[in-house]
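Let me begin by presenting the structure, written as structure tokens, before commenting on it.
Residue numbers begin at 1 in each chain, while the letters A, B, ... track the order of the sequences.
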Number of protein chains: 2
Amino acid sequence: MRTVNPEQHARKRAAILAAAAQEFAEKGVDGTSTASICRRAGIGSGTLFHYFPTKREIFHALFADDLEHGARARAAALAADDPREGLDGLVGHLLAGADDPLVPGLMAAALFQVNRDAEFARLLGEDEERTIETLTALLRALADDGRPPVFPPERTARWIQHLVDAVFLAAGDEDFDADRSRAELRTMVDWLLTGGDRTP
Amino acid sequence: MRTVNPEQHARKRAAILAAAAQEFAEKGVDGTSTASICRRAGIGSGTLFHYFPTKREIFHALFADDLEHGARARAAALAADDPREGLDGLVGHLLAGADDPLVPGLMAAALFQVNRDAEFARLLGEDEERTIETLTALLRALADDGRPPVFPPERTARWIQHLVDAVFLAAGDEDFDADRSRAELRTMVDWLLTGGDRTP
DNA sequence: GTCTATATTCAGATAGAC
DNA sequence: GTCTATCTGAATATAGAC
């Protein structure tokens, strides 16, 4: 009998998600029809629903895949020798992908969906919570090590998250330069961590 | 003959905008029908289109009204005796309204609309540009006065704008506290302006 | 109430793995 | 040769605009 070929399945799934991402970024979730996703992916509607049960789940999967990478990045950050190194690595991971041209459209679609789709809100909310927890733990480790941040660890963690969000928001700007923004963000994080102290 | 009563007209217009704001925040521009705005405002569809030519224009008006306040705030900031005072005042103005419960929904709707409605994008884009110009001018004045910011004036201005955006984004969070966020933002702006120097 | 748009289902057709 | 993964596109159901 014929069996599932995991590689082939994964490849096609990824192709469908890529097509869906373009559509969602351009027209949002509600404005995108399953037919247009099928057209772009070059498949029939039956195939689409063979891979995903509903349109909403396609959108969720688009983000859920990234969240798994996030979990690994958090684990790596906590396992780092120096909390400061772990923190830098995690921030670097959070900023990855900021220069993807689909970011502005997908960000708008996601922000909109968070207000209307409770399950999606939970999905993103839990991931953000985990990130805050990890950042907070790293900041506490630094504080215990005699390097306390400017605000309390939990609030500093929130602000690092805010700064990352700000970079993603700026990604839609005319003159956005991902590398420059990343460098400036690092300077600001550095200040949040040290208050400008230059004691090595 | 019967003449328009400007006060009555403005009152009704404001009432319609308030009803529309709720609908747009909940369901976005495309998801909102003119019928639902009429229902919430307690008016007939004929009345709605007497005040506004199209649904899109209602959405534009919602923001255009605020932008006029912005123009006045910028003028006041430039006229201040000390650039630092003008800057603080302008930042305060930009943060006003962050605790309005409709902010998360309207922010999502606006961000989405910017990607799809060129005229709306121009409306917000020009206002943002003016704000950046004003902030940049104030920062240059400070620099000429021997108080240069951490990044070049133009980039520092962008970051102040980004930080304000980030606070608005955070307004949807569970434990959002507008006053605390405002205070923290002021601390960070303070650092952007001085690099942590405590020379008075 | 009618009518359009579109998410989802289903009955089949094809083809690869055993 | 059989069985199932994979795919298709017409059919269905339904929501919402007018």
If a protein heavy atom is under 4.0 Å from the base, mark B; if only from the sugar-phosphate, S; if neither, -; do that for nucleotides 11-18 of chain C going 5' to 3'.
----BBBB
Distance test, side-chain N/O of A:Lys12 to OP1/OP2 of D:dC7, below 4.0 Å:
yes
DNA chain C contacts among residues 33-46 of chain B, heavy-atom distance under 4.0 Å:
none
How about A:Arg130: does its CZ atom have over 12 heavy atoms from other parts shown lying under 6.0 Å from it?
no
Is a donor on one side and an acceptor on the other found under 3.5 Å between the side chain of A:Ser36 and the backbone of A:Ser33?
yes
Start with the C-alpha distance between B:Leu102 and B:Phe24, add both sets of side-chain angles, then the distance that settles side chain to side chain contact (heavy atoms under 4.5 Å, CB included), and finish with yes or no.
CA-CA 9 Å; B:Leu102 294 183; B:Phe24 287 140; over 6 Å; no
Provide, to the nearest angstrom, the distance between the CD atom belonging to A:Glu23 and the P atom belonging to C:dT6.
12 Å
Could you give the CZ-to-C1' distance, from A:Phe49 to D:dA5, as a whole number of Å?
19 Å
Distance, rounded to the nearest Å, where A:Arg13 contributes CZ and D:dT6 contributes C1'
16 Å
In whole angstroms, the gap separating P of C:dA5 from CG of B:Asp30 amounts to 16 Å
Length of the NE2-P vector between A:His9 and D:dT6, whole Å:
5 Å
Please check the phosphate of D:dT6 (OP1 and OP2 only) for any side-chain N or O of A:His50 closer than 4.0 Å.
yes
Using only atom types and a distance under 3.5 Å, with no angle test, would you say the side chain of A:Thr156 pairs donor to acceptor with the backbone of A:Phe151?
yes
Would you kindly compare A:Pro53 and A:Gly31 by the position of their nearest DNA chain C nucleotide and give the one closer to the 5′ end?
A:Gly31
Of D:dT8, D:dT6, C:dT8, the nucleotide closest to the side chain of A:Tyr51 is D:dT6
Kindly determine whether B:Asp117 and B:Arg122 satisfy salt bridge (Lys or Arg N to Asp or Glu O under 4.0 Å), including the steps that lead there.
CA-CA 9 Å; B:Asp117 175 346; B:Arg122 203 176 46 73; over 6 Å; no
So which pairs with a foot in residues 80-97 of chain B pass side-chain hydrogen bond (donor to acceptor under 3.5 Å, both in side chains), sequence neighbours left out?
B:Asp82-B:Arg147, B:Arg84-B:Asp88, B:Arg84-B:Asp190
CZ of A:Phe59 versus C1' of C:dA7: gap in Å, rounded?
17 Å
Run the side chain to side chain contact (heavy atoms under 4.5 Å, CB included) check on B:Leu169 and A:Met107 step by step: do they pass?
CA-CA 12 Å; B:Leu169 256 193; A:Met107 181 129 186; 4.2 Å; yes
With under 30° as parallel and over 60° as perpendicular, where do the rings of B:Phe59 and B:Phe120 fit, or are they tilted in between?
tilted
Rounding to a whole Å, what distance do you find between A:Leu48:CG and C:dT8:C1'?
10 Å
Can you tell me if NZ on A:Lys27 sees more than 12 non-hydrogen neighbours from other groups inside 6.0 Å?
no
